S.K.: 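One structure, as structure tokens, below. Some questions next.
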Amino acid sequence: MSEPLRLRIHVSEPFDFERENPSLDLFGRTLDYLDQDAEDWLVELETGYTFHEEDYADMLLSPRYVGEHLSKVFDSILGVPVRIAHRTEDDDEFGWHFALTGMISLAPSPESDGSQKPVEDQN
């Protein structure tokens, strides 16, 4: 089985997202990237977020523009624009409501600190 893809999700709208959350950046993982036909990716967040005084642990990402695909994140330098949905519950049924926008980019594993360790001499 393949490893989950780790993403950085930068929320740009609503503009006051940071009032309820410590950061505009969220990190999460998805396996939906493995399905080439998947139009949306479900992301399980490492730490949740609060939106309109409700707490959420996951989000649904969709391309922001018609004709684009989320797999562009593999070729992107700065990120890919996305629409972000949160779960809703209406009459005991779950659905998704697109209420946020942002950018996604590939994120390194949390174990990596970004620095290179010196190569030990093999002699």
Side-chain angles (χ1 to χ4, degrees):
M1 184 172 167
S2 294
E3 291 290 316
L5 179 66
R6 186 167 188 252
L7 297 170
R8 174 183 161 260
I9 302 106
H10 178 84
V11 178
S12 56
E13 293 290 334
F15 72 93
D16 61 348
F17 183 81
E18 208 167 16
R19 286 185 187 174
E20 291 185 288
N21 298 280
S23 174
L24 295 174
D25 294 330
L26 302 169
F27 292 88
R29 297 177 188 274
T30 184
L31 285 171
D32 290 346
Y33 76 99
L34 297 170
D35 180 359
Q36 298 295 323
D37 296 327
E39 295 180 16
D40 304 319
W41 290 355
L42 176 63
V43 177
E44 302 289 328
L45 298 171
E46 294 172 5
T47 58
Y49 66 99
T50 303
F51 184 64
H52 294 303
E53 299 178 2
E54 293 287 330
D55 294 327
Y56 299 95
D58 56 9
M59 58 178 41
L60 188 69
L61 303 179
S62 177
R64 186 160 180 188
Y65 302 112
V66 174
E68 292 194 351
H69 194 274
L70 295 174
S71 63
K72 282 182 61 175
V73 73
F74 295 110
D75 300 322
S76 172
I77 294 173
L78 299 176
V80 175
V82 292
R83 297 180 313 137
I84 303 169
H86 62 85
R87 283 193 188 272
T88 60
E89 186 178 354
D90 296 322
D91 300 327
D92 297 326
E93 289 188 28
F94 287 103
W96 292 98
H97 177 69
F98 286 96
L100 303 102
T101 61
M103 299 284 283
I104 61 169
S105 57
L106 299 177
S109 68
E111 296 82 31
S112 72
D113 62 2
S115 65
Q116 293 184 359
K117 296 181 180 176
V119 178
E120 292 183 24
D121 190 6
Q122 299 294 327
N123 296 330

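This structure is a prediction, so every number in the text was calculated from the model and none was measured.
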S.K.: Say whether I104 and F98 are linked into one hydrophobic cluster, either directly or through other cluster members, by side-chain heavy-atom distances under 4.5 angstrom.
M.R.: no

S.K.: Sequence neighbours excluded and cut-off under 3.5 Å, please list the side-chain donor-acceptor pairs for residues 48-55, or say none.
M.R.:
unit_1, atom_1, unit_2, atom_2, d
T50, OG1, D55, OD1, 2.8

S.K.: Do the non-hydrogen side-chain atoms of H86 and I84 ever get within less than 4.5 Å of each other?
M.R.: no

S.K.: List in chain and number order the residues that pass salt bridge (Lys or Arg N to Asp or Glu O under 4.0 Å) with R8, two or more places apart in sequence or in another chain; answer none if no residue qualifies.
M.R.: D25

S.K.: Any side-chain heavy atom of Y33 sitting closer than 4.5 Å to one from L70?
M.R.: no

S.K.: Rounded to the nearest 0.5 Å, what separation is found between the CG atom of L45 and the CZ atom of R29?
M.R.: 11.5 Å

S.K.: Please tell me whether L5 and F27 are part of a single hydrophobic cluster in this structure, the criterion being side-chain heavy atoms less than 4.5 Å apart.
M.R.: no

S.K.: Going hydrophobic residue to hydrophobic residue with side-chain gaps under 4.5 angstrom, can you get from L100 over to V80?
M.R.: yes

S.K.: Who are the salt bridge (Lys or Arg N to Asp or Glu O under 4.0 Å) partners of D32, not counting sequence neighbours?
M.R.: none

S.K.: Answer with yes or no whether the hydrophobic clustering places W41 together with M103; edges join I, L, V, M, F, W, Y residues whose side-chain heavy atoms lie under 4.5 Å apart.
M.R.: no

S.K.: Tell me, please, which residues at least two apart from E68 pass salt bridge (Lys or Arg N to Asp or Glu O under 4.0 Å).
M.R.: K72

S.K.: Could you check whether any side-chain N or O of T30 sits under 3.5 Å from a backbone N or O of L42, counting only pairs where one atom can act as donor and the other as acceptor?
M.R.: yes

S.K.: With clusters defined by side-chain heavy atoms of hydrophobic residues (ILVMFWY) lying less than 4.5 Å apart, directly or transitively, does L61 cluster with V11?
M.R.: yes

S.K.: Looking at residues at least two apart in the chain, or sitting in another chain, which of them share a salt bridge (Lys or Arg N to Asp or Glu O under 4.0 Å) with R64?
M.R.: none

S.K.: Is there a side-chain contact between W96 and D40 (heavy atoms, below 4.5 Å)?
M.R.: no

S.K.: Indicate yes or no: at least one non-hydrogen side-chain atom of L7 is less than 4.5 angstrom from one of L106.
M.R.: yes

S.K.: Any chance CD of E18 has more than 12 other-residue heavy atoms, nucleotides or ligands included, within less than 6.0 Å?
M.R.: yes

S.K.: Each residue besides Y65 in its hydrophobic cluster should be listed here, by chain and number; the cluster joins Ile, Leu, Val, Met, Phe, Trp and Tyr at side-chain heavy-atom distances under 4.5 Å.
M.R.: none

S.K.: Do side-chain atoms of H69 reach the backbone of A38 as a donor and acceptor pair under 3.5 angstrom?
M.R.: yes

